[in-house]
Amino acid sequence: ERRLVESGGGLVQTGNSLRLSCVPSGFVFGDYLIGWFRQAPGKEREGVSCINVSDGSSYSSDSTKGRFIISGDNVRNEVFLQMNSLQPEDTAIYYCAAINYYSEDVCLGTGSYGVDFWGEGTLVTVSS
């Protein structure tokens, strides 16, 4: 069974940092592209960033560009989302996703297409 397992969420104050981790089970990253999406309470899910671990290319949303950094480790088979200068509006459940079609529309969309399966999510709460 193919799975994605996220970790690293938590409660932080405004301006602080967190690093999320996504680890695959039952497959290797070369089979898919990996993305991070988030869903805040009462809001639609949105794409945050995604990466092609094979060549390191990535997309990032305008709201997180310059603050969030996505990276991948082929040896550890792990993808990270380093989140810096966190703001209350970053509060959301963050989901790791296995993407089957690498495009900006898929990576930064709502995840309604182009995603084969999801992790269970990790909660990030930023207090003001």
Please list all pairs passing the salt bridge (Lys or Arg N to Asp or Glu O under 4.0 Å) test where one or both residues lie in residues 93-104, with sequence neighbours left out.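 Every pair satisfying salt bridge (Lys or Arg N to Asp or Glu O under 4.0 Å) with a residue in residues 93-104: there are none.
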May I have all residue pairs that pass salt bridge (Lys or Arg N to Asp or Glu O under 4.0 Å) and include part of residues 105-125, sequence neighbours excluded?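 Every candidate salt bridge (Lys or Arg N to Asp or Glu O under 4.0 Å) pair involving residues 105-125 fails, so no pair, neighbours aside, qualifies.
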Going by the rule side-chain hydrogen bond (donor to acceptor under 3.5 Å, both in side chains), which residues pair with [X] if we only count those two or more places apart in sequence or in a different chain?
{"X": "Thr14", "result": "none"}
{"X": "Gln82", "result": "Asn84"}
{"X": "Asp55", "result": "Ser57"}
{"X": "Asp90", "result": "Arg38, Arg67"}

Are [X] and [Y] grouped together when hydrophobic residues (ILVMFWY) are joined by side-chain heavy atoms under 4.5 angstrom apart?
{"X": "Tyr113", "Y": "Tyr95", "answer": "yes"}
{"X": "Leu4", "Y": "Val23", "answer": "no"}
{"X": "Val106", "Y": "Ile70", "answer": "no"}
{"X": "Ile93", "Y": "Val79", "answer": "no"}
{"X": "Phe117", "Y": "Ile51", "answer": "yes"}

Under the salt bridge (charged side-chain N to carboxylate O under 4.0 Å, His left out) rule, collect the residues that match up with Glu78, sequence neighbours excluded.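 Scan of Glu78 (salt bridge (charged side-chain N to carboxylate O under 4.0 Å, His left out), adjacent residues dropped) gives Arg76.
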Counterpart residues, ring-ring contact (aromatic ring centres under 6.0 Å, His included), relative to Phe37 (two or more places apart):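 Partners of Phe37 under the ring-ring contact (aromatic ring centres under 6.0 Å, His included) test: Trp118.
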Once ring-ring contact (aromatic ring centres under 6.0 Å, His included) is applied, do any residues pair with Tyr101, and if so which ones, sequence neighbours excluded?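 None.
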Enter the distance from [X]:[atom1] to [Y]:[atom2] here, rounded to the nearest 0.5 Å.
{"X": "Thr64", "Y": "Leu108", "atom1": "OG1", "atom2": "CG", "result": "8.0 Å"}
{"X": "Asn52", "Y": "Ile99", "atom1": "CG", "atom2": "CD1", "result": "10.0 Å"}
{"X": "Leu81", "Y": "Tyr94", "atom1": "CG", "atom2": "OH", "result": "7.5 Å"}
{"X": "Thr122", "Y": "Leu18", "atom1": "OG1", "atom2": "CG", "result": "8.5 Å"}
{"X": "Thr110", "Y": "Lys43", "atom1": "OG1", "atom2": "NZ", "result": "15.5 Å"}
{"X": "Asn100", "Y": "Tyr32", "atom1": "CG", "atom2": "OH", "result": "7.5 Å"}

At their closest point, which heavy atom of [X] faces which heavy atom of [Y], and how far apart are they?
{"X": "Ala92", "Y": "Leu123", "value": "O-CD1, 3.6 Å"}
{"X": "Ser17", "Y": "Ser85", "value": "OG-N, 4.2 Å"}
{"X": "Val75", "Y": "Asp73", "value": "N-OD1, 2.9 Å"}

For the pair Glu46 (side chain) and Glu44 (backbone), establish whether a donor and an acceptor sit closer than 3.5 Å, ignoring hydrogens and angles.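 Judged by distance alone, no pair lies under 3.5 Å.
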Please check this pair: side chain of Glu6 against backbone of Gly121, looking for a donor-acceptor N/O pair closer than 3.5 Å.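 Flag set: sc Glu6 to bb Gly121 pair under 3.5 Å.
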Output every pair passing ring pair (Phe, Tyr, Trp, His ring centres under 6.0 Å) with a member in residues 45-72, not counting sequence neighbours, ordered by first then second residue.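 Checked against ring pair (Phe, Tyr, Trp, His ring centres under 6.0 Å) - neighbours excluded - the pairs reaching residues 45-72 are Tyr59-Tyr102.
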Determine which pairs satisfy ring pair (Phe, Tyr, Trp, His ring centres under 6.0 Å) with at least one residue from residues 2-26, sequence neighbours left out, and list them in order.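 Not a single pair qualifies under ring pair (Phe, Tyr, Trp, His ring centres under 6.0 Å).
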Can you list everything that forms a side chain to side chain contact (heavy atoms under 4.5 Å, CB included) with Ser25? Sequence neighbours excluded, please.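 Expected list: Arg3.
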Run the numbers on Asn16 and Leu86 for side chain to side chain contact (heavy atoms under 4.5 Å, CB included), then give the verdict. CA-CA 6 Å; Asn16 283 358; Leu86 283 161; 5.6 Å; no
